[in-house]
Each structure stands twice: as C-alpha cells, then as structure tokens.
Amino acid sequence: MAASVDPLVVGRVIGDVVDMFVPAVNMSVYYGSKHVSNGCDIKPSLSVDPPKVTISGHSDELYTLVMTDPDAPSPSEPRMREWVHWIVADIPGGTNPTRGKEILSYVGPRPPVGIHRYILVLFQQKMPLGSMMEPPQNRSHFNTRLYAAHLDLGLPVATVYFNAQKEPANKRR
C-alpha cells in the first residue's frame, strides 16, 4: 500500500504545492544510502547528483516526476515559489527516471537561507508525453498544479519531501 498523506499535510506540501490526493503508487527515493522519508533532513552536499528513485507500477504505465522547492529564496519570503529542480517524463512503471525522458536537467538543492522543503511529485500519465513536453522557460515561479493541469496529469499518485539548509562552509562533505 502507498504511504499516508498525513506528513504532507503537516509539512504544508498539500496546500503549498499539491492538492489533497490518494497515494496510489509507491515511490522510493535515496540520496546515496540515505532513504528519503517525509520531513527528513538531507544535506545539500549529499544531494548534488540526482537521487535514485524507484517507482512501482506496471511497465505499460507511464509517469512524470517533478522536483520543486516552494521556499525559494527563503521560507519566510518565498517570492520565487516554486523553484523547479528536475522534470522527467515517460518513466515506465516498475522502473526509475533513468528510463524516462529528462525534460529539465537535475539541479541539486542550494538553499541560500533557512530550511527549505524539496518535494518530489509523481504523476501518472494518460499517454506518452515526451514529444509534447518542453522545459519551462524559467526555473523560478514554476507551479506544479498548473504544469500538471496543462499536461492533463490529474492529481499526484505519490509524493515525498525532504528538508535541506545551507551548510557551513567548513563542514561540507
């Protein structure tokens, strides 16, 4: 069974980024050996490269993965909400984003100030989208809801988020 949405409500992911939905697919996300669970902390230095994402489902189903930061440039003044970090479409069920078409290349978290939420949202596609999809013109002021509506993706089928904050220069690893 897919995860509960309760942590997404508490973390304001539902509301700020997506609407209430019923999880229908399992999505597993790892940065190195660190499993991403809702609200966990991931250091930006550990998330320079794209995460390893595994999606359940059948190979005849296709998915779109979107990763955004709704707290840019700062959680107290998110005037650039949302900052899009990654978009991959046409991911076959039961596989991972390396099997899909990267629409917008991955950029790791670089929060300038405060604790930022980084949200990975998975949508089930109704048809292949790769040839129809264009990358957004800007990474800032992205809107996951409008993007999903434009592509007729409906509500998410899975979502997970993590927190990250700027690391002190002398403690980076």
Side-chain angles (χ1 to χ4, degrees), residues 1-8 11-14 16-19 21-72 82-111 115-130 132-136 139 142-145 147-148 151 153-165:
M1 182 177 149
S4 164
V5 297
D6 293 348
L8 301 174
R12 297 181 339 273
V13 171
I14 291 177
D16 285 354
V17 178
V18 296
D19 295 321
F21 71 97
V22 176
V25 173
N26 285 311
M27 177 172 64
S28 174
V29 180
Y30 284 85
Y31 279 103
S33 62
K34 172 91 172 163
H35 179 251
V36 176
S37 58
N38 285 317
C40 74
D41 294 319
I42 302 283
K43 293 179 181 177
S45 58
L46 295 177
S47 54
V48 172
D49 296 321
K52 291 188 187 329
V53 179
T54 305
I55 299 163
S56 68
H58 301 285
S59 60
D60 60 343
E61 299 168 333
L62 295 173
Y63 297 90
T64 294
L65 178 67
V66 175
M67 180 177 162
T68 70
D69 170 4
D71 301 318
E82 301 162 46
W83 183 274
V84 63
H85 284 261
W86 196 26
I87 301 174
V88 183
D90 295 341
I91 306 166
T95 68
N96 60 68
T98 62
R99 299 282 311 279
K101 180 179 183 204
E102 190 170 66
I103 305 301
L104 186 65
S105 63
Y106 178 84
V107 172
R110 291 185 293 221
I115 299 171
H116 289 232
R117 296 166 293 161
Y118 293 88
I119 296 135
L120 289 101
V121 184
L122 187 70
F123 296 95
Q124 186 169 353
Q125 300 171 199
K126 295 181 172 89
M127 62 185 145
L129 297 173
M132 300 169 29
M133 293 185 79
E134 302 248 341
R139 288 186 184 263
F142 182 80
N143 186 305
T144 300
R145 283 186 189 93
Y147 192 74
L151 295 171
L153 295 172
L155 293 171
V157 293
T159 299
V160 67
Y161 82 99
F162 64 92
N163 296 316
Q165 60 186 316

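Side-chain atoms are counted along with the backbone in the values below, which use heavy atoms only and exclude waters and symmetry mates. All residue numbers in this chain count up from 1 along the given sequence.
- His85 pairs in a ring pair (Phe, Tyr, Trp, His ring centres under 6.0 Å) with only one of the listed residues (Tyr118, Phe162, Phe142), which is Tyr118.
- Looking only at side-chain heavy atoms (C-beta outward), Val25 and Tyr63 come within less than 4.5 Å of each other.
- Counting heavy atoms from C-beta outward, Leu120 and Leu65 have side chains that approach closer than 4.5 Å.
- Evaluated for a side chain to side chain donor-acceptor pair (under 3.5 Å) with Arg117, the options Asn163, Asp69, Asp71 yield exactly one hit, Asp71.
- Counting heavy-atom neighbours within 6.0 Å of Arg145 CZ, excluding the residue itself, gives a total above 12.
- Here the straight-line distance linking atom OG of Ser56 with atom CE of Met27 works out to 10.0 Å at 0.5 Å rounding.
- For the atom pair NZ of Lys126 and CG of Leu153, the computed distance is 7.0 Å after rounding to the nearest 0.5 Å.
- From Ile119, atom CD1 reaches atom CG of Leu8 across 8.5 Å, with rounding to the nearest 0.5 Å.
- The closest donor-acceptor contact from the side chain of Arg139 to the backbone of Val84 lies under 3.5 Å.
- Note that the CD1 atom of Ile55 and the CG atom of Asn26 stand 11.0 Å from one another [nearest 0.5 Å].
- No more than 12 heavy-atom neighbours from other residues, nucleotides or ligands sit within 6.0 angstrom of NZ on Lys52.
- At a threshold of 4.5 Å between non-hydrogen side-chain atoms, the residues Lys34 and Ile42 count as touching.
- Taking 4.5 Å as the limit, every side-chain heavy atom of Pro50 sits out of range of all side-chain heavy atoms of Tyr31.
- Distance alone, capped at 3.5 Å, is enough to place a donor-acceptor pair between the Asn38 side chain and the Tyr161 backbone.
- With a 4.5 Å cut-off on side-chain heavy atoms, Thr64 and Ile91 do not count as touching.
- For the atom pair CD (Gln124) and CD (Glu61), the distance works out to 4.5 Å, reported to the nearest 0.5 Å.
- With rounding to the nearest 0.5 angstrom, the CD1 atom of Ile103 is 12.5 Å from the CH2 atom of Trp86.
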Check: Stepwise, does the side-chain hydrogen bond (donor to acceptor under 3.5 Å, both in side chains) test hold for Glu82 with Asn143?
Finding: CA-CA 6 Å; Glu82 301 162 46; Asn143 186 305; 5.0 Å; no
